[in-house]
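Atom set for the values below is all heavy atoms of this structure, side chains included, hydrogens, waters and symmetry mates excluded.
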Amino acid sequence: MRWLAKTHVADSVAEREFEVTVDGRTVPGVLWHPNDGMAGPRPLVFVGHGATLHKRVDHVLALATLLVRDHGFAVAATDAPGHGDRAEGAGDDMQLFSAFLAEWSRPGSTDDIIGEWRAVIDELRHLDEVGVGTLGYWGLSMGTIYGVPFAASEPHVEAAVFGLMGLLGPTRDRMHLDAKALTCPVQFIVQWDDQLVARDAALEL
């Protein structure tokens, strides 16, 4: 793990940017934790952002601030391939979404991202500020596409939040099997109406 900048502190929340190299890929991320000088273990929530977005999108920042400031958790998020600091060039949303679809369709994509997340979480849990405490997951849209198989295959995940996605797309069959394999408590957020995800597909998942 390489720290990229000095710790930024605001409203009792410490924010630190980092990089982790996984199988030759550079994975940029952010860790938020209480600025209380206390060592862990403390709960860690890993966040998976949506397609075309990134690790510091507004709702991820809001969630991280809430969990850190009000509950004393640590929160982490990384940029998925083709997103945020891993995007190639300054494309618009359509270009980013096209790149996401190509990545989603690539054989091995799900396993590669699960491997990245596991490596990052392992590094974070070695930090004094985090420690080996309770692990949770929160992800919407693309964060559900990769989050369901992650939580199904990672025994340390003790609770998860998913949503804004359904049983569709190139990994539909895998999500179907992985959803059945989940053993942790799950909250699922179902959208009322969505141009990309039919409500029936979300309810099916």
Side-chain angles (χ1 to χ4, degrees), residues 1-50 53-81 83-86 110-140 142-162 182-186:
M1 174 175 283
R2 296 177 297 281
W3 299 109
L4 302 182
K6 293 182 178 179
T7 302
H8 173 72
V9 179
D11 198 17
S12 301
V13 177
E15 177 183 294
R16 306 171 72 184
E17 294 190 24
F18 62 84
E19 288 181 345
V20 173
T21 300
V22 183
D23 294 332
R25 303 184 301 276
T26 299
V27 182
V30 183
L31 169 67
W32 297 272
H33 62 83
N35 188 44
D36 55 12
M38 297 175 61
R42 67 175 84 243
L44 170 65
V45 176
F46 190 85
V47 178
H49 65 76
L53 303 178
H54 53 82
K55 62 186 179 296
R56 297 189 79 257
V57 68
D58 288 348
H59 63 267
V60 171
L61 286 173
L63 176 68
T65 299
L66 173 70
L67 293 177
V68 173
R69 184 192 60 209
D70 295 354
H71 300 285
F73 291 8
V75 179
T78 59
D79 284 327
H83 293 73
D85 292 331
R86 300 174 78 176
T110 298
D111 291 326
D112 285 347
I113 290 182
I114 289 174
E116 292 179 1
W117 290 356
R118 281 180 168 162
V120 167
I121 289 168
D122 184 62
E123 292 283 347
L124 293 173
R125 297 180 97 193
H126 280 89
L127 300 175
D128 290 340
E129 299 89 341
V130 180
V132 183
T134 302
L135 177 63
Y137 179 82
W138 188 99
L140 302 179
M142 184 180 71
T144 293
I145 290 170
Y146 295 115
V148 168
F150 168 72
S153 65
E154 178 48 69
H156 295 111
V157 174
E158 297 186 34
V161 176
F162 305 114
L182 287 166
T183 58
C184 66
V186 170

Minimum heavy-atom separation for [X] to [Y], with atom names?
| X | Y | answer |
| --- | --- | --- |
| Val130 | Leu124 | CB-O, 3.3 Å |
| Ala151 | Phe162 | CB-CZ, 3.9 Å |
| Pro28 | Asp85 | CG-CB, 3.9 Å |
| Phe73 | Pro34 | O-CD, 3.3 Å |
| Val68 | His33 | CG1-C, 3.3 Å |
| Leu182 | Val148 | CD2-O, 3.9 Å |

* Asked: Hey, what's the ring geometry for Phe18 with Trp3, parallel, tilted or perpendicular (30° and 60° as the breaks)?
  ->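 Perpendicular.
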
* Tyr146 vs Trp117 aromatic rings, parallel, tilted or perpendicular, using cut-offs 30° and 60°? ->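 Ring orientation of Tyr146 relative to Trp117: perpendicular.
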
Using modelled atom types and a 3.5 Å cut-off, is there a donor and acceptor pairing between side-chain atoms of [X] and backbone atoms of [Y]?
| X | Y | value |
| --- | --- | --- |
| His83 | Pro81 | yes |
| Thr144 | Gly139 | yes |
| Thr65 | Ala62 | no |

* Output, in order, the C-alpha distance, side-chain angles, deciding distance and verdict of side-chain contact (heavy atoms from CB on, under 4.5 Å) for Val30 and Glu15. => CA-CA 7 Å; Val30 183; Glu15 177 183 294; 3.5 Å; yes

Under a 4.5 Å cut-off applied to non-hydrogen side-chain atoms, are [X] and [Y] in contact?
| X | Y | result |
| --- | --- | --- |
| Glu19 | Val27 | no |
| Phe46 | Val120 | yes |
| Lys6 | Arg16 | no |
| Leu63 | Val75 | no |

* Salt-bridge present (Glu17, Lys55; N to O < 4.0 Å) ->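 Salt bridge between Glu17 and Lys55, a charged N being under 4.0 Å from a carboxylate O: no.
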
* Asked: Is any NZ, NE, NH1 or NH2 atom of the basic residue among Asp36 and Arg42 found under 4.0 Å from an Asp or Glu carboxylate oxygen of the other?
  ->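 Salt bridge between Asp36 and Arg42, a charged N being under 4.0 Å from a carboxylate O: yes.
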
* **Greater than 12 external heavy atoms within 6.0 Å of Asp58's CG** =>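 Not more than 12 within 6.0 Å, no.
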
* In terms of heavy-atom contacts, does NE2 of His8 have more than 12 from other residues, nucleotides or ligands at under 6.0 Å? -> no

Can you tell me how far [atom2] of [Y] sits from [atom1] of [X], rounded to the nearest 0.5 angstrom?
| X | Y | atom1 | atom2 | result |
| --- | --- | --- | --- | --- |
| Asp111 | Phe150 | CG | CZ | 13.0 Å |
| Leu31 | Leu127 | CG | CG | 6.5 Å |
| His156 | Leu44 | NE2 | CG | 12.0 Å |
| His59 | Leu66 | NE2 | CG | 13.5 Å |
| Asp23 | Asp112 | CG | CG | 7.5 Å |
| Ile121 | Thr78 | CD1 | OG1 | 8.5 Å |

* **Pair Arg86-Glu116, salt bridge (Lys or Arg N to Asp or Glu O under 4.0 Å): steps then yes or no** => CA-CA 13 Å; Arg86 300 174 78 176; Glu116 292 179 1; 2.9 Å; yes

* Ring centre gap for His54 and His49 strictly below 6.0 Å -> no

* Test side-chain contact (heavy atoms from CB on, under 4.5 Å) on Thr21 and Arg2 and set out the steps. => CA-CA 9 Å; Thr21 300; Arg2 296 177 297 281; 3.1 Å; yes

